[in-house]
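Some notes on the structure that comes next.
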Amino acid sequence: MGKAFGAVAAVGAVGSLVAMKKSWDPLPSVKEAGFTTLDMSIYEEGIMVTEKWRGKPIFVLKKSAAVMEKEKGNAAAEARNIKVGNDNFMVAIGLCTHLGCIPAFRKDEGDFLCACHGGQFEASGLVKKVPPPRGFDIPPFKIDGNKLVLGEVGPEWQAMKDNGVTL
């Protein structure tokens with residue numbers, strides 16, 4: 001009788017642990033929201049597009065030859081380039097690093113202006129005019145052919161993080 005009771009209790013305990021583990025795991029919809037795949041071949045040069053990743057705006061700007069020439073020699077700006085195929089991109093979390101406002105892209109000037117306190121960012125995402133304490137943050141990414149997978153850490157992003165380009 002004691003062995004039978006012990007076996008039933010053990011099966012019940014295992015069943016309870018499995019149920020608790022399932023309740024702790026994130027929902028499939030939450031797991032899917034962690035990664036966003038961007039097809040980088042669809043972006044037009046000089047046109048800033050806002051995508052969405054984990055509820056945050058992601059700025060994607062395919063840099064023109066003129067912007068690349070302007071950034072030439074600026075090591076900080078060149079370090080922020082994301083090269084996919086033969087194209088260079090600025091991909092960043094579109095929140096001002098000062099207070100979290102969403103800056104507007106000014107196509108004519110080729111920069112970003114935060115209307116909250118007048119902060120400005122270059123096309124590379126670096127601070128052009130304070131009060132922002134640092135440039136735009138770059139989300140974790142992995143380059144997969146012509147695609148950029150946001151939310152997955154790839155060697156390119158890890159190198160940026162290790163070199164202090166992003167947090």
Side-chain angles (χ1 to χ4, degrees), residues 26 29-167:
S29 60
V30 173
K31 285 182 182 178
E32 289 173 13
F35 298 103
T36 300
T37 303
L38 305 176
D39 181 0
M40 303 307 279
S41 64
I42 65 168
Y43 296 102
E44 296 180 37
E45 196 172 274
I47 306 292
M48 204 282 295
V49 178
T50 304
E51 300 288 353
K52 193 173 179 183
W53 171 69
R54 294 186 181 172
K56 296 177 185 174
I58 301 296
F59 292 163
V60 179
L61 177 65
K62 184 176 181 179
K63 295 182 178 183
S64 65
V67 170
M68 292 302 296
E69 187 62 35
K70 184 179 175 184
E71 292 177 354
K72 195 172 187 177
N74 182 347
E78 289 176 350
R80 296 177 65 87
N81 278 339
I82 297 174
K83 191 164 182 70
V84 180
N86 294 326
D87 300 317
N88 288 286
F89 293 89
M90 185 281 298
V91 178
I93 298 174
L95 298 174
C96 180
T97 54
H98 179 230
L99 291 176
C101 303
I102 300 175
F105 181 65
R106 301 188 301 177
K107 186 176 180 181
D108 295 339
E109 287 82 9
D111 65 0
F112 296 86
L113 172 66
C114 182
C116 295
H117 296 101
Q120 292 180 1
F121 298 87
E122 298 174 358
S124 65
L126 291 171
V127 175
K128 184 175 179 180
K129 181 181 172 196
V130 294
R134 64 182 185 281
F136 288 136
D137 294 325
I138 300 171
F141 67 89
K142 178 181 176 186
I143 298 173
D144 185 15
N146 228 16
K147 298 187 185 318
L148 194 74
V149 182
L150 297 176
E152 189 170 341
V153 175
E156 297 86 356
W157 184 82
Q158 190 62 52
M160 287 179 161
K161 184 173 176 50
D162 293 345
N163 294 329
V165 174
T166 190
L167 295 179

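Remember, predicted model here, so these are calculated numbers, not experimental data.
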Could you go through the side chain to side chain contact (heavy atoms under 4.5 Å, CB included) check for Cys116 and Leu99 one step at a time? CA-CA 8 Å; Cys116 295; Leu99 291 176; 5.9 Å; no

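- Note: Met68 CE to Ser124 OG = 10.0 Å, rounded to the nearest 0.5 Å.
- Shown here for Leu61 and Gly46, the closest heavy-atom pair between the two residues is CD1-C, 3.8 Å.
- Val153 and Pro140 make their closest contact through CG2-CB, 4.0 Å (heavy atoms, listed as atom of the first residue, atom of the second, distance).
- Note that the CE atom of Met40 and the NZ atom of Lys147 stand 11.0 Å from one another [nearest 0.5 Å].
- Pairing each heavy atom of Gly110 with each of Ala123, the nearest pair is O-CB, 3.4 Å.
- Residues Asp162 and Gln158 have side chains that bring a donor and an acceptor to within less than 3.5 angstrom of each other.
- Taking CG of Asp87 as the start and NZ of Lys62 as the end, the distance is 4.0 Å to the nearest 0.5 Å.
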Step by step, work out the side chain to side chain contact (heavy atoms under 4.5 Å, CB included) result for Arg106 and Gln120. CA-CA 10 Å; Arg106 301 188 301 177; Gln120 292 180 1; 3.5 Å; yes

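- Rounding to the nearest 0.5 Å gives a distance of 12.0 Å between OG1 of Thr36 and NZ of Lys56.
- The two residues Leu126 and Ala77 come nearest to each other via the heavy atoms CD1-N, 3.5 Å.
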Pairs under 3.5 angstrom only: tabulate donor-acceptor contacts from the side chains of residues 89-97 to other protein residues two or more places apart or in another chain.
{"unit_1": "Thr97", "atom_1": "OG1", "unit_2": "Arg134", "atom_2": "O", "d": "2.5"}

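- Looking at Trp53 and Leu38, their side chains never come closer than 4.5 Å, going by heavy atoms from C-beta outward.
- A pairwise comparison of heavy atoms in Ala79 and Val165 identifies CB-CG2, 3.8 Å as the closest pair.
- Counting all heavy atoms, side chain and backbone alike, Gly118 lies closest to Pro131 at C-CD, 4.5 Å.
- Side-chain contact between Ile47 and Lys107 is present, with heavy atoms from C-beta onward closer than 4.5 Å.
- Taking CG from Asp111 and CD from Glu122, the interatomic distance works out to 8.5 Å, rounded to the nearest 0.5 Å.
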Side chain to side chain contact (heavy atoms under 4.5 Å, CB included) between Thr50 and Ile58, intermediate numbers included: CA-CA 5 Å; Thr50 304; Ile58 301 296; over 6 Å; no

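- Taking a cutoff of 4.0 Å between a charged side-chain nitrogen and a carboxylate oxygen, Arg80 and Glu71 do not qualify as a salt bridge.
- No more than 12 heavy atoms of other residues, nucleotides or ligands sit less than 6.0 Å from atom NZ of Lys70.
- Asn86 contributes atom CG, which lies 9.5 Å from atom CG of Asn146 (distance to the nearest 0.5 angstrom).
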Starting from the C-alpha separation in whole Å, work towards a yes-or-no answer on side chain to side chain contact (heavy atoms under 4.5 Å, CB included) for Ile82 and Ile143. CA-CA 9 Å; Ile82 297 174; Ile143 298 173; 4.2 Å; yes

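- The neighbour count for Lys161 NZ, taken as heavy atoms of other residues, nucleotides or ligands under 6.0 Å away, does not exceed 12.
- Between the side chain of Trp157 and the backbone N or O of Ile138, at least one donor-acceptor pair lies under 3.5 Å.
- For an aromatic pair to be called close, the ring centres must be under 6.0 Å apart, and Phe105 with Phe59 fails this.
- No side-chain heavy atom of Phe35 sits under 4.5 Å from any side-chain heavy atom of Lys142.
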